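Each remark here refers to the structure printed beneath this line.
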Protein chains: 2
Amino acid sequence: MKTTRNTTAKTAVLEVFEKSKTALSHTEIQKQLNDICDRVTIYRILDRLLNDDIIHKISNQDGTVKYAKCNHSHQKVHIHNHAHFSCENCNEITCLETVKPSYIMPHNYKVNEINFTLSGLCPKCLNSNI
Amino acid sequence: MKTTRNTTAKTAVLEVFEKSKTALSHTEIQKQLNDICDRVTIYRILDRLLNDDIIHKISNQDGTVKYAKCNHSHQKVHIHNHAHFSCENCNEITCLETVKPSYIMPHNYKVNEINFTLSGLCPKCLNSNI
DNA sequence: AAATTAACGCAACAATGTTGCTTTTGTTTT
DNA sequence: AAAACAAAAGCAACATTGTTGCGTTAATTT
């Protein structure tokens, strides 16, 4: 069986997620790490964290891919079927863990996962824009 | 004022969309066009069509970007606030124009657009898999 | 302390998207 | 119908993002 190790790079990436309130792209993570490790290493760490359900992947309307670690202190399992908000002004993506859409599906579809991303202005930008 | 022209390449791209029931990636469009024009030209045509609201952009969970032209014969304006379905088996993305999610937002957010993508098995794959 | 192997670094590559500049071509004007 | 105008195309070069192979390093177990 394959065991996962706690390397310095992985710990550093997790710290970056811990500190950030918003979802981060690979490039943003790399910048925050100040090149303490290789680009490829970050990709591989992200792969492992995704696999272990510690983070989840969000792809924005514009095609950019971001990653986030949710705070789900009380839950045992990481639920990523919640909504995300993408701000058109500051480009930050945040998890809206309370927002759960309801919908009616046509027959003959089997839904395994949902991805619900809303975009517009986040509270921060909404206030400073008026 | 900038006027848009009906070039052969643009017409060909529109025909490809017309024929296709599913959303298409840049690469898929290029293949169907049999290299009648440059890669860059396709990108620029897609930009124009997006700008003119003739097609819309869908970015899948996996980070791939696709484009689709909806059939909205009766409407004057192109509405792209509908749901999409992404099949995990055949990777096709289809518009679910009838599916409109309802949800409750926290205060202080201004929602301009929504992107609701469901993934799982489409009717075609659901039937052939059992 | 030695053994094991997960993870890293590096180089190379692939896919996707962008930009600048010249040429072509669709459309309007004369 | 020809000339004028400018949108769009072609081409080359580049930027970004993500992937793969392989030898080396280092976390964990024995």
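These numbers come from a predicted model, not from an experiment. In the text below, chain A, chain B and the rest are named by the order of the sequence lines, each starting its count at 1.
Put simply, the side chain of B:His82 reaches to within 4.5 Å of the side chain of B:His56, judged on heavy atoms. Side-chain contact between A:Leu24 and A:Gln32 is present, with heavy atoms from C-beta onward closer than 4.5 Å.
Considering only the side chain of A:Asp38, C:dG9 comes nearest among D:dT19, D:dC11, C:dG9. Listed candidates were C:dC8, D:dC11, D:dA8. Nearest to the side chain of B:Thr7 is D:dA8. Among the nucleotides C:dC8, D:dC5, D:dT28, the one closest to the side chain of B:Arg5 is D:dC5. Taking only side-chain atoms of B:Thr3, from C-beta outward, the nucleotide of D:dT17, C:dG17, D:dA7 with the closest atom is D:dA7. Among the nucleotides D:dA8, D:dG10, C:dT18, the one closest to the side chain of B:Cys37 is D:dG10. In this structure, the nucleotide among C:dT27, D:dG21, D:dG10 sitting nearest to the side chain of A:Arg44 is D:dG21.
When rounded to the nearest whole Å, the span between NZ of B:Lys10 and P of C:dT27 equals 9 Å. In this entry the distance linking OH of B:Tyr43 with C1' of D:dC14 reads 14 Å, nearest Å. One can place NZ of B:Lys31 at 11 Å from C1' of C:dA15, the figure rounded to the nearest angstrom. Rounding to whole angstrom units, CD1 of residue A:Ile36 and C1' of D:dA26 are separated by 15 Å. Residue B:Ile45 contributes atom CD1, which lies 12 Å from atom C1' of D:dA7 at whole-angstrom precision. Distance A:Lys66 NZ to D:dG18 P: 12 Å, rounded to the nearest Å. In this structure, B:Leu49 atom CG and D:dA8 atom C1' are separated by 13 Å, rounded to whole Å. Distance A:Leu46 CG to C:dC8 C1': 15 Å, rounded to the nearest Å.
One cannot find a donor-acceptor pair under 3.5 Å joining the base of C:dG9 and the side-chain atoms of A:Arg39. Remark: the B:Arg48 side chain and the D:dA8 base include no donor-acceptor N/O pair separated by less than 3.5 Å.
A:Glu92 has no carboxylate O lying under 4.0 Å from a charged side-chain N of A:Lys21, or vice versa, which leaves the two without a salt bridge.
Side-chain nitrogen and oxygen atoms of B:Thr41 include at least one within less than 4.0 Å of the OP1 or OP2 phosphate oxygen of D:dG10. Of the side-chain N and O atoms in B:Thr27, one or more sit less than 4.0 angstrom from OP1 or OP2 of C:dT16.
No donor-acceptor pair under 3.5 Å is formed between the side chain of B:Ser86 and the backbone N or O of B:Asn60.
Counting non-hydrogen atoms under 4.0 angstrom, A:Ser25 reaches nothing in the nucleic acid.
Note on ring orientation: taking the six-membered ring where Trp is involved, the planes of A:Tyr43 and A:His26 are parallel (angle under 30°, cut-offs 30° and 60°).
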